Peer 1: 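Before we start, here is the structure in question, set down as C-alpha coordinates.
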Protein chains: 2
Amino acid sequence: MASTPVPAPTAPQAPQSAPRPALTERGRQKADRREAILTAAARLFAERGYAGVTIEDLGTAVGVSGPAVYRHFTGKSAVLAAILEGASRSLLDGGERVLAEAPDAATALRSLIRFHVAFALGEADVIAVQDRELEQLDPGVRHEVRSLQRQYVERWVDTLAELRPDRAEVELRFRAHAAFGLLNSTPHSARTPGRRPADGAVRGILEEMAWASLMS
Amino acid sequence: MASTPVPAPTAPQAPQSAPRPALTERGRQKADRREAILTAAARLFAERGYAGVTIEDLGTAVGVSGPAVYRHFTGKSAVLAAILEGASRSLLDGGERVLAEAPDAATALRSLIRFHVAFALGEADVIAVQDRELEQLDPGVRHEVRSLQRQYVERWVDTLAELRPDRAEVELRFRAHAAFGLLNSTPHSARTPGRRPADGAVRGILEEMAWASLMS
DNA sequence: ATTTTCGGTTAGTGTTCACTAACTCGATTC
DNA sequence: GAATCGAGTTAGTGAACACTAACCGAAAAT
(Lines give C-alpha, C1' and ligand atoms only; values in the text may rest on other atoms or scores of the structure.)
Protein backbone atom coordinates (compact mmCIF):
# COMPACT_ATOMS: atom_id res chain seq x y z
CA MET A 1 0.00 0.00 0.00
CA ALA A 2 2.45 2.65 -1.14
CA SER A 3 0.69 3.73 -4.30
CA THR A 4 -1.62 6.73 -4.62
CA PRO A 5 -0.15 9.99 -3.39
CA VAL A 6 -2.25 11.80 -0.81
CA PRO A 7 -2.52 15.57 -0.87
CA ALA A 8 -1.20 17.19 2.24
CA PRO A 9 -3.91 18.43 4.56
CA THR A 10 -4.65 22.02 3.67
CA ALA A 11 -4.06 24.63 6.31
CA PRO A 12 -7.36 26.02 7.57
CA GLN A 13 -8.00 29.20 5.64
CA ALA A 14 -10.08 32.25 6.43
CA PRO A 15 -13.58 31.21 5.33
CA GLN A 16 -14.63 34.38 3.55
CA SER A 17 -14.30 38.04 4.49
CA ALA A 18 -10.70 38.78 3.48
CA PRO A 19 -11.46 42.49 3.17
CA ARG A 20 -7.93 43.28 2.06
CA PRO A 21 -5.19 40.68 1.55
CA ALA A 22 -2.84 43.67 2.02
CA LEU A 23 0.69 42.89 0.91
CA THR A 24 1.82 45.52 3.37
CA GLU A 25 4.15 44.73 6.25
CA ARG A 26 1.49 45.08 8.89
CA GLY A 27 -0.96 42.97 6.91
CA ARG A 28 1.45 40.07 6.74
CA GLN A 29 2.30 40.26 10.42
CA LYS A 30 -1.35 40.35 11.30
CA ALA A 31 -2.08 37.26 9.23
CA ASP A 32 0.83 35.48 10.88
CA ARG A 33 -0.39 36.36 14.33
CA ARG A 34 -3.89 35.21 13.53
CA GLU A 35 -2.51 31.89 12.36
CA ALA A 36 -0.34 31.60 15.47
CA ILE A 37 -3.35 32.19 17.69
CA LEU A 38 -5.32 29.49 15.89
CA THR A 39 -2.51 26.97 16.23
CA ALA A 40 -1.94 27.73 19.90
CA ALA A 41 -5.67 27.71 20.58
CA ALA A 42 -6.08 24.29 19.00
CA ARG A 43 -3.33 22.93 21.21
CA LEU A 44 -4.72 24.52 24.36
CA PHE A 45 -8.34 23.61 23.63
CA ALA A 46 -7.25 20.03 22.96
CA GLU A 47 -5.34 19.88 26.23
CA ARG A 48 -7.63 21.67 28.63
CA GLY A 49 -10.96 21.97 26.83
CA TYR A 50 -12.56 25.09 25.42
CA ALA A 51 -13.88 26.30 28.77
CA GLY A 52 -10.56 25.58 30.48
CA VAL A 53 -8.67 28.13 28.39
CA THR A 54 -8.88 31.87 28.98
CA ILE A 55 -8.44 34.66 26.48
CA GLU A 56 -5.40 35.62 28.51
CA ASP A 57 -3.96 32.12 27.93
CA LEU A 58 -4.48 32.54 24.20
CA GLY A 59 -2.64 35.84 24.14
CA THR A 60 0.20 34.65 26.35
CA ALA A 61 0.72 31.60 24.14
CA VAL A 62 1.61 33.84 21.19
CA GLY A 63 3.51 36.46 23.15
CA VAL A 64 0.90 39.19 23.42
CA SER A 65 -1.30 39.58 26.39
CA GLY A 66 -5.00 39.28 26.83
CA PRO A 67 -7.23 41.67 24.97
CA ALA A 68 -4.92 41.82 21.96
CA VAL A 69 -6.71 38.71 20.77
CA TYR A 70 -9.78 40.85 20.11
CA ARG A 71 -7.84 42.58 17.32
CA HIS A 72 -7.99 39.26 15.45
CA PHE A 73 -11.20 37.61 16.60
CA THR A 74 -14.47 39.06 17.77
CA GLY A 75 -14.44 36.80 20.82
CA LYS A 76 -13.41 33.50 22.28
CA SER A 77 -16.09 31.57 20.45
CA ALA A 78 -14.92 33.06 17.14
CA VAL A 79 -11.53 31.40 17.68
CA LEU A 80 -13.19 28.04 18.19
CA ALA A 81 -15.40 28.67 15.18
CA ALA A 82 -12.41 29.41 12.95
CA ILE A 83 -10.68 26.20 14.06
CA LEU A 84 -13.69 23.98 13.50
CA GLU A 85 -14.74 25.59 10.24
CA GLY A 86 -11.20 25.30 8.93
CA ALA A 87 -10.96 21.67 9.95
CA SER A 88 -14.26 20.56 8.47
CA ARG A 89 -13.57 22.51 5.28
CA SER A 90 -10.11 21.00 4.95
CA LEU A 91 -11.49 17.51 5.41
CA LEU A 92 -14.23 18.00 2.85
CA ASP A 93 -11.90 19.66 0.33
CA GLY A 94 -9.26 16.98 0.78
CA GLY A 95 -11.80 14.22 0.50
CA GLU A 96 -13.17 15.62 -2.74
CA ARG A 97 -9.71 16.14 -4.19
CA VAL A 98 -8.84 12.55 -3.39
CA LEU A 99 -12.04 11.18 -4.88
CA ALA A 100 -11.60 13.14 -8.10
CA GLU A 101 -8.39 11.26 -8.81
CA ALA A 102 -9.51 7.77 -7.86
CA PRO A 103 -10.11 5.45 -10.83
CA ASP A 104 -12.39 3.05 -8.94
CA ALA A 105 -14.22 2.66 -5.64
CA ALA A 106 -11.61 0.45 -4.01
CA THR A 107 -8.86 2.95 -4.75
CA ALA A 108 -11.15 5.73 -3.63
CA LEU A 109 -11.74 4.18 -0.23
CA ARG A 110 -8.05 3.43 0.19
CA SER A 111 -7.24 7.04 -0.63
CA LEU A 112 -9.90 8.43 1.68
CA ILE A 113 -8.46 6.37 4.50
CA ARG A 114 -4.91 7.46 3.70
CA PHE A 115 -5.96 11.07 3.56
CA HIS A 116 -7.88 10.92 6.82
CA VAL A 117 -5.02 9.16 8.61
CA ALA A 118 -2.61 11.82 7.40
CA PHE A 119 -4.91 14.55 8.61
CA ALA A 120 -5.53 12.95 11.99
CA LEU A 121 -1.81 12.43 12.57
CA GLY A 122 -0.80 15.86 11.31
CA GLU A 123 -3.54 17.86 12.98
CA ALA A 124 -4.16 15.84 16.12
CA ASP A 125 -5.08 18.91 18.16
CA VAL A 126 -7.65 20.05 15.65
CA ILE A 127 -9.15 16.57 15.47
CA ALA A 128 -9.43 16.40 19.24
CA VAL A 129 -11.15 19.77 19.38
CA GLN A 130 -13.52 18.90 16.56
CA ASP A 131 -14.52 15.73 18.37
CA ARG A 132 -15.07 17.35 21.75
CA GLU A 133 -16.19 20.93 21.45
CA LEU A 134 -18.80 21.05 18.69
CA GLU A 135 -21.51 21.82 21.23
CA GLN A 136 -19.76 24.96 22.43
CA LEU A 137 -20.25 26.68 19.08
CA ASP A 138 -22.82 29.38 18.44
CA PRO A 139 -25.83 27.77 16.72
CA GLY A 140 -25.15 29.39 13.36
CA VAL A 141 -21.59 28.17 13.05
CA ARG A 142 -22.46 24.83 14.57
CA HIS A 143 -24.99 24.27 11.83
CA GLU A 144 -22.42 25.22 9.20
CA VAL A 145 -19.78 22.88 10.61
CA ARG A 146 -22.27 20.05 10.98
CA SER A 147 -23.25 20.53 7.35
CA LEU A 148 -19.64 20.30 6.18
CA GLN A 149 -19.06 17.22 8.32
CA ARG A 150 -22.20 15.62 6.95
CA GLN A 151 -21.04 16.21 3.38
CA TYR A 152 -17.68 14.63 4.19
CA VAL A 153 -19.37 11.58 5.66
CA GLU A 154 -21.57 11.28 2.59
CA ARG A 155 -18.46 11.00 0.40
CA TRP A 156 -17.42 8.01 2.47
CA VAL A 157 -20.90 6.54 2.38
CA ASP A 158 -21.13 6.89 -1.41
CA THR A 159 -17.78 5.20 -1.83
CA LEU A 160 -18.71 2.39 0.54
CA ALA A 161 -22.03 1.93 -1.24
CA GLU A 162 -20.18 1.15 -4.46
CA LEU A 163 -18.11 -1.48 -2.74
CA ARG A 164 -20.89 -2.99 -0.65
CA PRO A 165 -24.17 -2.43 -2.49
CA ASP A 166 -25.65 -5.22 -0.37
CA ARG A 167 -25.60 -3.07 2.74
CA ALA A 168 -28.12 -0.44 3.77
CA GLU A 169 -26.98 3.16 3.64
CA VAL A 170 -27.76 3.65 7.31
CA GLU A 171 -25.36 0.82 8.17
CA LEU A 172 -22.65 2.24 5.95
CA ARG A 173 -23.05 5.64 7.57
CA PHE A 174 -22.81 4.10 11.00
CA ARG A 175 -19.71 2.20 9.96
CA ALA A 176 -18.12 5.37 8.63
CA HIS A 177 -18.69 7.09 11.97
CA ALA A 178 -17.19 4.16 13.82
CA ALA A 179 -14.17 4.23 11.52
CA PHE A 180 -13.73 7.93 12.26
CA GLY A 181 -13.77 7.04 15.94
CA LEU A 182 -10.99 4.58 15.27
CA LEU A 183 -8.91 6.97 13.18
CA ASN A 184 -9.50 9.93 15.46
CA SER A 185 -8.32 7.96 18.47
CA THR A 186 -4.74 9.02 17.75
CA PRO A 187 -4.98 12.26 19.70
CA HIS A 188 -5.87 10.12 22.72
CA SER A 189 -2.86 7.86 22.34
CA ALA A 190 -0.78 10.91 21.49
CA ARG A 191 -1.59 12.31 24.93
CA THR A 192 -0.01 9.12 26.35
CA PRO A 193 3.38 9.44 24.70
CA GLY A 194 6.05 6.81 24.42
CA ARG A 195 3.69 3.84 24.49
CA ARG A 196 3.13 3.94 20.77
CA PRO A 197 4.70 2.39 17.67
CA ALA A 198 7.01 4.42 15.44
CA ASP A 199 5.26 7.09 13.40
CA GLY A 200 5.69 5.26 10.14
CA ALA A 201 4.16 2.09 11.54
CA VAL A 202 1.22 3.97 13.03
CA ARG A 203 0.08 5.10 9.60
CA GLY A 204 0.05 1.58 8.22
CA ILE A 205 -1.67 0.05 11.22
CA LEU A 206 -4.44 2.62 11.21
CA GLU A 207 -5.03 2.23 7.50
CA GLU A 208 -5.17 -1.54 7.85
CA MET A 209 -7.56 -1.41 10.81
CA ALA A 210 -9.87 1.10 9.16
CA TRP A 211 -10.08 -0.88 5.94
CA ALA A 212 -10.67 -4.15 7.77
CA SER A 213 -13.37 -2.74 9.98
CA LEU A 214 -15.23 -1.03 7.15
CA MET A 215 -15.14 -4.02 4.79
CA SER A 216 -15.65 -6.78 7.38
CA MET B 1 -21.96 -14.95 17.53
CA ALA B 2 -24.76 -15.55 20.01
CA SER B 3 -22.90 -17.79 22.43
CA THR B 4 -21.16 -16.62 25.61
CA PRO B 5 -23.34 -14.62 27.94
CA VAL B 6 -21.96 -11.24 28.92
CA PRO B 7 -22.38 -9.91 32.45
CA ALA B 8 -24.39 -6.73 32.60
CA PRO B 9 -22.27 -3.63 33.17
CA THR B 10 -22.09 -3.03 36.90
CA ALA B 11 -23.47 0.20 38.21
CA PRO B 12 -20.67 2.47 39.42
CA GLN B 13 -20.42 1.97 43.15
CA ALA B 14 -19.04 4.12 45.92
CA PRO B 15 -15.28 3.46 45.79
CA GLN B 16 -14.55 3.16 49.49
CA SER B 17 -15.68 5.19 52.49
CA ALA B 18 -19.14 3.81 53.13
CA PRO B 19 -19.08 4.99 56.75
CA ARG B 20 -22.56 3.55 57.45
CA PRO B 21 -24.64 1.69 54.87
CA ALA B 22 -27.56 2.65 57.18
CA LEU B 23 -30.68 0.66 56.45
CA THR B 24 -32.65 3.59 57.80
CA GLU B 25 -35.15 5.48 55.69
CA ARG B 26 -32.95 8.56 55.41
CA GLY B 27 -29.92 6.49 54.53
CA ARG B 28 -31.67 4.86 51.62
CA GLN B 29 -33.04 8.14 50.33
CA LYS B 30 -29.61 9.69 50.56
CA ALA B 31 -28.06 6.86 48.57
CA ASP B 32 -30.78 7.19 45.95
CA ARG B 33 -30.22 10.90 45.62
CA ARG B 34 -26.48 10.42 45.31
CA GLU B 35 -27.07 7.94 42.54
CA ALA B 36 -29.54 10.28 40.82
CA ILE B 37 -27.00 13.09 40.93
CA LEU B 38 -24.36 10.88 39.35
CA THR B 39 -26.66 9.79 36.54
CA ALA B 40 -27.84 13.31 35.82
CA ALA B 41 -24.29 14.63 36.03
CA ALA B 42 -23.05 12.06 33.52
CA ARG B 43 -25.77 13.11 31.08
CA LEU B 44 -25.12 16.82 31.56
CA PHE B 45 -21.32 16.50 31.44
CA ALA B 46 -21.65 14.43 28.27
CA GLU B 47 -23.90 17.03 26.66
CA ARG B 48 -22.31 20.28 27.68
CA GLY B 49 -18.90 19.37 29.04
CA TYR B 50 -17.73 19.46 32.66
CA ALA B 51 -17.09 23.19 32.68
CA GLY B 52 -20.39 23.89 30.96
CA VAL B 53 -22.43 22.50 33.84
CA THR B 54 -23.01 24.38 37.09
CA ILE B 55 -23.65 22.96 40.53
CA GLU B 56 -27.04 24.61 40.28
CA ASP B 57 -27.73 22.58 37.10
CA LEU B 58 -26.82 19.40 38.93
CA GLY B 59 -29.21 20.16 41.77
CA THR B 60 -32.04 21.24 39.49
CA ALA B 61 -31.69 18.05 37.44
CA VAL B 62 -32.61 15.95 40.49
CA GLY B 63 -35.20 18.31 41.93
CA VAL B 64 -33.19 19.98 44.65
CA SER B 65 -31.52 23.25 44.17
CA GLY B 66 -27.90 24.26 44.21
CA PRO B 67 -25.93 23.80 47.38
CA ALA B 68 -27.82 20.65 48.39
CA VAL B 69 -25.33 18.82 46.19
CA TYR B 70 -22.66 19.52 48.79
CA ARG B 71 -24.51 17.18 51.18
CA HIS B 72 -23.50 14.35 48.83
CA PHE B 73 -20.22 15.44 47.29
CA THR B 74 -17.44 17.67 48.59
CA GLY B 75 -17.47 19.68 45.37
CA LYS B 76 -18.04 19.67 41.65
CA SER B 77 -14.83 17.80 40.91
CA ALA B 78 -15.83 15.07 43.37
CA VAL B 79 -18.87 14.36 41.22
CA LEU B 80 -16.72 13.96 38.15
CA ALA B 81 -14.29 11.83 40.13
CA ALA B 82 -17.05 9.48 41.26
CA ILE B 83 -18.29 9.06 37.69
CA LEU B 84 -14.88 8.32 36.24
CA GLU B 85 -13.73 6.09 39.06
CA GLY B 86 -16.96 4.14 38.85
CA ALA B 87 -16.65 3.75 35.11
CA SER B 88 -13.04 2.62 35.05
CA ARG B 89 -13.67 0.25 37.94
CA SER B 90 -16.73 -1.23 36.25
CA LEU B 91 -14.80 -1.77 33.05
CA LEU B 92 -11.90 -3.45 34.80
CA ASP B 93 -14.16 -5.62 36.98
CA GLY B 94 -16.30 -6.60 34.02
CA GLY B 95 -13.27 -7.38 31.92
CA GLU B 96 -11.79 -9.60 34.57
CA ARG B 97 -15.08 -11.40 35.16
CA VAL B 98 -15.35 -12.08 31.45
CA LEU B 99 -11.79 -13.34 31.17
CA ALA B 100 -12.18 -15.66 34.13
CA GLU B 101 -14.86 -17.59 32.27
CA ALA B 102 -13.26 -17.73 28.84
CA PRO B 103 -11.86 -21.16 27.89
CA ASP B 104 -9.44 -19.83 25.26
CA ALA B 105 -8.00 -16.60 23.90
CA ALA B 106 -10.35 -16.35 20.92
CA THR B 107 -13.40 -16.65 23.15
CA ALA B 108 -11.81 -14.24 25.57
CA LEU B 109 -11.40 -11.56 22.93
CA ARG B 110 -14.90 -12.12 21.62
CA SER B 111 -16.25 -11.77 25.16
CA LEU B 112 -14.21 -8.67 25.89
CA ILE B 113 -15.59 -7.06 22.76
CA ARG B 114 -19.14 -8.07 23.61
CA PHE B 115 -18.77 -6.75 27.12
CA HIS B 116 -17.29 -3.44 26.00
CA VAL B 117 -19.97 -2.94 23.36
CA ALA B 118 -22.66 -3.58 25.95
CA PHE B 119 -21.07 -1.09 28.31
CA ALA B 120 -20.62 1.58 25.64
CA LEU B 121 -24.21 1.24 24.48
CA GLY B 122 -25.64 1.08 27.98
CA GLU B 123 -23.57 3.82 29.54
CA ALA B 124 -23.01 6.12 26.59
CA ASP B 125 -22.93 9.23 28.77
CA VAL B 126 -20.30 7.80 31.09
CA ILE B 127 -18.19 6.70 28.13
CA ALA B 128 -18.38 10.16 26.59
CA VAL B 129 -17.32 11.79 29.86
CA GLN B 130 -14.49 9.32 30.41
CA ASP B 131 -13.17 10.09 26.95
CA ARG B 132 -13.38 13.86 27.23
CA GLU B 133 -12.91 15.03 30.78
CA LEU B 134 -10.03 13.03 32.22
CA GLU B 135 -7.85 16.12 32.31
CA GLN B 136 -10.29 18.00 34.55
CA LEU B 137 -9.69 15.62 37.45
CA ASP B 138 -7.60 16.45 40.49
CA PRO B 139 -4.17 14.87 40.03
CA GLY B 140 -4.68 12.22 42.68
CA VAL B 141 -7.89 10.84 41.24
CA ARG B 142 -6.62 11.23 37.71
CA HIS B 143 -3.70 9.00 38.54
CA GLU B 144 -6.03 6.43 40.08
CA VAL B 145 -8.37 6.42 37.06
CA ARG B 146 -5.46 6.23 34.65
CA SER B 147 -4.13 3.24 36.55
CA LEU B 148 -7.46 1.43 36.35
CA GLN B 149 -7.75 2.20 32.64
CA ARG B 150 -4.21 0.96 32.08
CA GLN B 151 -5.00 -2.33 33.81
CA TYR B 152 -8.09 -2.76 31.64
CA VAL B 153 -6.07 -2.14 28.50
CA GLU B 154 -3.48 -4.66 29.65
CA ARG B 155 -6.17 -7.36 29.83
CA TRP B 156 -6.90 -6.70 26.17
CA VAL B 157 -3.22 -6.66 25.29
CA ASP B 158 -2.58 -9.96 27.05
CA THR B 159 -5.49 -11.57 25.24
CA LEU B 160 -4.36 -10.19 21.90
CA ALA B 161 -0.82 -11.38 22.55
CA GLU B 162 -2.06 -14.95 22.81
CA LEU B 163 -3.82 -14.67 19.49
CA ARG B 164 -1.09 -12.76 17.67
CA PRO B 165 2.25 -13.65 19.29
CA ASP B 166 3.93 -12.41 16.11
CA ARG B 167 3.09 -8.80 16.91
CA ALA B 168 4.92 -6.48 19.26
CA GLU B 169 3.15 -5.54 22.48
CA VAL B 170 3.37 -1.86 21.64
CA GLU B 171 1.45 -2.50 18.42
CA LEU B 172 -1.20 -4.53 20.21
CA ARG B 173 -1.62 -1.79 22.78
CA PHE B 174 -2.01 0.78 20.06
CA ARG B 175 -4.55 -1.41 18.30
CA ALA B 176 -6.51 -1.83 21.51
CA HIS B 177 -6.69 1.94 21.93
CA ALA B 178 -7.85 2.35 18.35
CA ALA B 179 -10.52 -0.30 18.89
CA PHE B 180 -11.72 1.60 21.97
CA GLY B 181 -11.99 4.66 19.78
CA LEU B 182 -14.16 2.69 17.41
CA LEU B 183 -16.36 1.21 20.13
CA ASN B 184 -16.62 4.45 22.08
CA SER B 185 -17.78 6.31 18.98
CA THR B 186 -21.37 5.34 19.76
CA PRO B 187 -22.00 8.31 22.06
CA HIS B 188 -21.10 10.51 19.09
CA SER B 189 -23.57 8.83 16.76
CA ALA B 190 -26.09 8.73 19.62
CA ARG B 191 -25.98 12.52 19.76
CA THR B 192 -27.06 12.44 16.09
CA PRO B 193 -30.23 10.41 16.54
CA GLY B 194 -32.32 8.75 13.87
CA ARG B 195 -29.46 8.20 11.44
CA ARG B 196 -28.50 4.91 13.00
CA PRO B 197 -29.35 1.24 12.52
CA ALA B 198 -31.69 -0.54 14.93
CA ASP B 199 -30.22 -1.16 18.38
CA GLY B 200 -29.89 -4.87 17.87
CA ALA B 201 -27.98 -4.40 14.62
CA VAL B 202 -25.64 -1.83 16.15
CA ARG B 203 -24.32 -4.39 18.61
CA GLY B 204 -23.46 -6.89 15.92
CA ILE B 205 -21.89 -4.34 13.60
CA LEU B 206 -19.66 -2.92 16.31
CA GLU B 207 -18.54 -6.37 17.42
CA GLU B 208 -17.77 -7.33 13.84
CA MET B 209 -15.83 -4.14 13.15
CA ALA B 210 -13.83 -4.35 16.35
CA TRP B 211 -12.86 -7.96 15.77
CA ALA B 212 -11.91 -7.31 12.17
CA SER B 213 -9.82 -4.28 12.98
CA LEU B 214 -7.96 -5.95 15.82
CA MET B 215 -7.21 -9.17 13.96
CA SER B 216 -6.49 -7.65 10.52
C1' DA C 1 5.66 66.27 6.86
C1' DT C 2 1.15 65.48 8.50
C1' DT C 3 -2.65 62.75 9.23
C1' DT C 4 -4.80 58.37 9.68
C1' DT C 5 -4.90 53.57 10.77
C1' DC C 6 -4.51 49.96 13.78
C1' DG C 7 -2.30 46.37 16.66
C1' DG C 8 -0.79 46.70 20.91
C1' DT C 9 -1.11 48.26 25.98
C1' DT C 10 -3.20 48.75 31.00
C1' DA C 11 -7.17 49.50 33.82
C1' DG C 12 -11.62 48.70 34.69
C1' DT C 13 -16.70 46.44 34.63
C1' DG C 14 -20.35 43.24 35.04
C1' DT C 15 -21.44 38.58 35.32
C1' DT C 16 -21.18 34.01 36.34
C1' DC C 17 -20.24 30.53 39.53
C1' DA C 18 -18.14 27.46 43.16
C1' DC C 19 -18.52 27.40 47.62
C1' DT C 20 -19.92 29.06 52.63
C1' DA C 21 -23.06 30.71 56.46
C1' DA C 22 -26.98 30.52 59.00
C1' DC C 23 -31.09 28.57 59.59
C1' DT C 24 -35.29 25.09 59.30
C1' DC C 25 -37.68 21.08 60.11
C1' DG C 26 -38.71 16.30 59.85
C1' DA C 27 -36.52 11.69 60.81
C1' DT C 28 -33.61 9.17 64.14
C1' DT C 29 -31.90 8.33 68.62
C1' DC C 30 -32.02 8.21 73.54
C1' DG D 1 -41.25 12.89 74.61
C1' DA D 2 -36.89 15.52 74.49
C1' DA D 3 -32.46 15.95 72.20
C1' DT D 4 -29.83 15.38 68.12
C1' DC D 5 -28.87 14.84 63.39
C1' DG D 6 -28.62 15.94 58.86
C1' DA D 7 -30.57 16.95 54.24
C1' DG D 8 -32.61 20.62 52.61
C1' DT D 9 -33.29 25.89 52.19
C1' DT D 10 -31.99 31.06 51.03
C1' DA D 11 -28.65 34.69 51.14
C1' DG D 12 -24.33 35.99 50.64
C1' DT D 13 -18.94 36.19 49.30
C1' DG D 14 -14.90 36.15 46.67
C1' DA D 15 -12.58 34.91 42.62
C1' DA D 16 -12.19 34.16 37.78
C1' DC D 17 -12.98 35.78 33.40
C1' DA D 18 -15.02 37.59 28.90
C1' DC D 19 -15.17 41.72 27.21
C1' DT D 20 -14.82 47.18 26.99
C1' DA D 21 -12.55 51.85 27.43
C1' DA D 22 -9.00 54.85 26.80
C1' DC D 23 -4.73 55.56 25.40
C1' DC D 24 -0.05 54.90 22.78
C1' DG D 25 3.16 54.69 19.07
C1' DA D 26 4.80 53.01 14.85
C1' DA D 27 3.54 51.81 10.06
C1' DA D 28 0.76 53.43 6.03
C1' DA D 29 -1.50 56.70 3.41
C1' DT D 30 -1.86 61.46 1.73
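Values in this document were obtained by computation on a predicted structure and should not be read as measured data. Quick note: numbers below take in every heavy atom, side chains included, and nothing from hydrogens, waters or symmetry partners. Naming convention: chains lettered A, B, ... in sequence-line order (proteins, then strands); numbering from 1 in each chain.
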Peer 1: Might you list the N or O atoms of the protein lying below 3.5 Å from N or O atoms in nucleotides 24-30 of chain D, with each pair's distance?
Peer 2:
{"from": "dA28(D)", "atom 1": "OP1", "to": "Thr24(A)", "atom 2": "OG1", "distance (Å)": "2.4"}
{"from": "dA28(D)", "atom 1": "OP1", "to": "Glu25(A)", "atom 2": "N", "distance (Å)": "2.9"}
{"from": "dA28(D)", "atom 1": "OP1", "to": "Arg26(A)", "atom 2": "N", "distance (Å)": "3.0"}

Peer 1: Measure CZ/Arg28(A) against P/dC6(C) and give the value in whole Å, please.
Peer 2: 17 Å

Peer 1: Could you encode protein contacts along nucleotides 12-23 of chain D as a string, one character per nucleotide from 5' to 3', using B for base contact, S for sugar-phosphate-only contact and - for no contact, with a heavy-atom cut-off of under 4.0 Å?
Peer 2: -----SSBB-B-

Peer 1: Please check: side-chain N/O of Arg142(A) versus main-chain N/O of Glu135(A), any donor-acceptor pairing under 3.5 Å?
Peer 2: yes

Peer 1: Taking side-chain contact (heavy atoms from CB on, under 4.5 Å) as the definition, give me every residue that meets it alongside Ile55(A), ordered by chain and number, with sequence neighbours left out.
Peer 2: Val69(A), Tyr70(A), Lys76(A)

Peer 1: Can you tell me how far P of dG6(D) sits from NZ of Lys30(B), to the nearest Å?
Peer 2: 8 Å

Peer 1: Please determine which of Glu169(A), His177(A), Glu171(A) meets the side chain to side chain donor-acceptor pair (under 3.5 Å) test together with Arg173(A).
Peer 2: Glu169(A)

Peer 1: Strictly distance-based, threshold 3.5 Å: is any side-chain N or O of Glu35(B) a donor or acceptor partner for the main-chain N or O of Lys30(B)?
Peer 2: no

Peer 1: Roughly how far apart are Ser88(A) OG and Gln151(A) CD, rounded to 0.5 Å?
Peer 2: 9.5 Å

Peer 1: Which residues in residues 58-65 of chain A have a heavy atom closer than 4.0 Å to any atom of DNA chain C?
Peer 2: Val64(A), Ser65(A)

Peer 1: Tell me every residue that passes salt bridge (charged side-chain N to carboxylate O under 4.0 Å, His left out) with Glu144(B), counting only those two or more places apart in sequence or in another chain.
Peer 2: Arg89(B)

Peer 1: Report yes or no: does Ser147(B) contribute a side-chain atom to a donor-acceptor pair with the main-chain N or O of His143(B) at less than 3.5 Å?
Peer 2: no

Peer 1: Let me know the distance between CZ of Arg33(B) and P of dA7(D), rounded to the nearest Å.
Peer 2: 11 Å

Peer 1: Measure from the side-chain N and O atoms of Asp32(A) to the backbone N and O of Gln29(A), and report whether any donor-acceptor pair falls under 3.5 Å.
Peer 2: no

Peer 1: Check the distance between dC17(C)'s P and Asp57(B)'s CG and give it to me in whole angstrom.
Peer 2: 8 Å

Peer 1: Please enumerate all residues that pass salt bridge (charged side-chain N to carboxylate O under 4.0 Å, His left out) together with Arg43(A), with sequence neighbours excluded.
Peer 2: Glu47(A)

Peer 1: Within the distance-only criterion (no hydrogens, no angle test), does the side chain of Tyr50(B) pair as donor or acceptor with the backbone N or O of Ala51(A) below 3.5 angstrom?
Peer 2: no

